[in-house]
Amino acid sequence: MKHNSASLGKNGPSIPRVGFGAMTLDGLYGAVEEDTAVGVLRHAVESGLMIDTADAYGGGENERRIGRAVSGNRESAFIATKFGIVFDENETGAELPTGWGFSLNINGTPEYMRQALDASLQRLQTDYVDLYYAHFPSPQTPIEDTVGAMADALRAGKVRHIGLSNVNAGQVRRAHAVHPVAAVQYEYSLWRREAEAELLSVLRELGIALVAWSPLGAGFLAGDVNIGEGDFRNNIPRFSAQNLSANRDRFAPLAGIAEQCGITPAQLALAWLLHQGDDIFVIPGTRKTRRLDENVAAADIRLDAQTLAQVDDVCRAGSAVGGTLV
């Protein structure tokens with residue numbers, strides 16, 4: 001099984017299967033210094049990694065920071081961004097409830113997509129996006145209309161590949177019938193395995209890559225987590241005091257398995273995901289270059305059948321306590 005690089009979907013480019021999730025740099029885990037953030041981003045670009053962002057992260061500041069980091073080196077960067085979450089109070093959208101106790105305002109209209117894309121391109125200081133996702137399906141706009149507009153942007157040269165995020169199998173089929181989809185982003189990790197039930201088989205049938213967001217369970221699977229003030233995980237049910245205690249107990253054996261393998265818990269979690277198929281990509285986030293290198297090294301780790309079985313036994317689907325975003 002090839003872990004380092006693979007084709008993004010049936011006809012997509014070959015890129016490293018471990019990418020970089022830039023959401024960690026926009027303040028959701030607490031404040032981060034600009035020089036630190038840009039330094040990690042530049043290291044990710046130099047390492048050839050897919051950089052994953054969204055227009056809603058930091059109200060556009062995440063994209064601006066990436067634009068600064070890749071300035072003068074755009075052709076070396078593979079940038080994926082998303083649209084659809086309305087973060088401008090002057091814009092309209094449709095309410096989409098989540099499992100985290102709040103609702104999102106989503107706009108999937110062709111008009112909004114065109115406007116959002118142009119704004120993202122300006123913030124990123126580029127004239128094209130390598131991979132453009134609809135962040136969430138709109139409750140009001142048919143996904144065919146949204147993807148049709150994205151296909152127009154692709155034909156215009158503003159987008160190179162089309163992606164979907166947080167969608168179900170039926171929505172993928174409908175979208176793919178309008179224009180080939182290169183990748184679907186969905187939460188997938190050792191504590192969130194619902195993608196295996198139906199979504200993954202449909203993606204494989206259609207030749208679409210799965211990009212796993214939160215592959216380390218928002219840091220939980222990397223080891224003990226310390227959640228400070230201003231950390232968005234305070235709002236995630238799995239990190240509430242009672243649930244976090246239960247989850248620590250349930251997933252505690254992973255540390256011992258990682259130690260047996262001579263790797264870190266984070267590397268075990270990422271390597272396990274990469275062993276689920278050549279069409280699986282992961283986008284862990286970090287604020288430290290050494291952690292980024294540690295994550296990338298997970299692509300070189302080979303887990304034997306016995307180890308994979310041990311991990312599967314500990315982390316069966318539905319093991320984690322607490323609600324999920326979608």
Side-chain angles (χ1 to χ4, degrees), residues 7-15 19-23 26 44-45 49-60 62-67 69-70 74-75 77-88 91 93 104 106-138 141-167 171-172 174-186 203 206-213 281 283:
S7 174
L8 187 75
K10 189 181 297 183
N11 301 308
S14 181
I15 60 172
F20 178 73
M23 190 191 79
D26 81 348
V45 172
L49 309 188
M50 171 168 58
I51 310 297
D52 182 85
T53 185
D55 59 1
Y57 297 165
N62 202 268
E63 289 182 328
R64 291 188 193 94
R65 186 172 276 156
I66 292 168
V70 305
R74 174 64 183 96
E75 289 304 316
F78 188 98
I79 300 174
T81 192
K82 314 175 197 73
F83 81 96
I85 297 179
V86 177
F87 55 96
D88 183 341
E91 294 291 344
L104 293 168
I106 305 297
N107 192 324
T109 64
E111 296 78 14
Y112 184 77
M113 180 253 119
R114 288 189 286 268
Q115 173 186 324
L117 176 57
D118 286 344
S120 286
L121 293 175
Q122 186 173 19
R123 287 188 291 264
L124 290 165
Q125 300 180 41
T126 184
D127 57 3
Y128 71 96
V129 173
D130 296 280
L131 175 59
Y132 199 46
Y133 291 100
H135 207 154
F136 285 85
S138 168
T141 305
I143 201 163
E144 291 87 348
D145 293 353
T146 303
V147 173
M150 296 169 75
D152 289 340
L154 184 146
R155 287 185 284 268
K158 293 183 177 183
V159 171
R160 294 195 170 171
H161 302 280
I162 290 174
L164 302 172
S165 181
N166 302 310
V167 287
Q171 290 163 336
V172 172
R174 288 167 51 199
H176 194 72
V178 175
H179 189 280
V181 174
V184 164
Q185 194 169 129
Y186 201 84
L203 298 185
L206 300 175
I208 301 171
L210 189 149
V211 177
W213 67 262
F281 294 73
I283 47 170

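Remember, it's a predicted structure, so these values are computed and weren't measured experimentally.
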>> Determine whether Y57 and K82 satisfy the following criterion, side-chain contact (heavy atoms from CB on, under 4.5 Å), listing intermediate values before the conclusion.
In response: CA-CA 10 Å; Y57 297 165; K82 314 175 197 73; 3.3 Å; yes
> Should V167 and V184 be marked as a side-chain contact (heavy atoms from CB on, under 4.5 Å) after you check the CA-CA gap, both sets of side-chain angles, and the distance that decides it?
Replying inline: CA-CA 8 Å; V167 287; V184 164; 3.9 Å; yes
> How far apart are the C-alpha atoms of Y112 and V86, what are their side-chain angles, what is the distance that settles it, and do they pass the side-chain contact (heavy atoms from CB on, under 4.5 Å) test?
Replying inline: CA-CA 9 Å; Y112 184 77; V86 177; 4.1 Å; yes
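Residue I208 comes nearest to A182 through the heavy atom pair CG2-O, 3.6 Å, listed as atom of the first residue, atom of the second, then distance. Contact record, A175 with L164: CB-CD1, 3.5 Å, taken as the closest heavy-atom pair. The nearest pair of heavy atoms linking P13 to H161 is CD-NE2, 3.2 Å. Shortest non-hydrogen contact noted between L8 and A209 is CD1-CB, 4.0 Å. Nearest approach of F83 to A116, heavy atoms of both residues: CB-CB, 3.8 Å. Here the closest heavy-atom approach between residue A22 and residue I51 is recorded as CB-CG2, 4.4 Å.
By the 4.5 Å heavy-atom criterion applied to side chains, M150 and T146 are counted as neighbours. Under the 4.5 Å side-chain criterion, counting only non-hydrogen atoms from C-beta, V211 is in contact with Y133. Counting heavy atoms from C-beta on, the side chains of D52 and W213 never come closer than 4.5 Å. Between I106 and I85, some side-chain heavy-atom pair lies under the 4.5 Å cut-off. At least one side-chain heavy atom of V172 sits less than 4.5 Å from a side-chain heavy atom of L203.
The cationic atom of R160 (NZ for Lys, CZ for Arg) does not lie both less than 6.0 Å from the six-membered ring centre of F78 and within 45° of the ring axis.
A salt bridge links D130 to R74: one of the charged nitrogens lies within less than 4.0 Å of a carboxylate oxygen.
Taking CG of L121 as the start and CD1 of I79 as the end, the distance is 9.5 Å to the nearest 0.5 Å. Taken from CD in Q115 to CE in M113, the straight-line distance is 10.5 Å, to the nearest 0.5 Å. Note that CG of D118 is 3.5 Å distant from NZ of K158, once rounded to the nearest 0.5 Å. To the nearest 0.5 angstrom, I143 atom CD1 is 6.5 Å from R174 atom CZ. In this structure, CG on L104 lies 11.5 Å from OG on S138, to the nearest 0.5 angstrom.
Remark: E91 engages no residue in a salt bridge (charged side-chain N to carboxylate O under 4.0 Å, His left out) (not counting sequence neighbours).
Between the T53 side chain and the T81 main chain, no donor and acceptor come within less than 3.5 Å of each other. Under the 3.5 Å distance criterion, the side-chain polar atoms of N166 are matched with a main-chain donor or acceptor of H135. Listed for the Y132 side chain is a donor-acceptor partner under 3.5 Å among the backbone atoms of L117.
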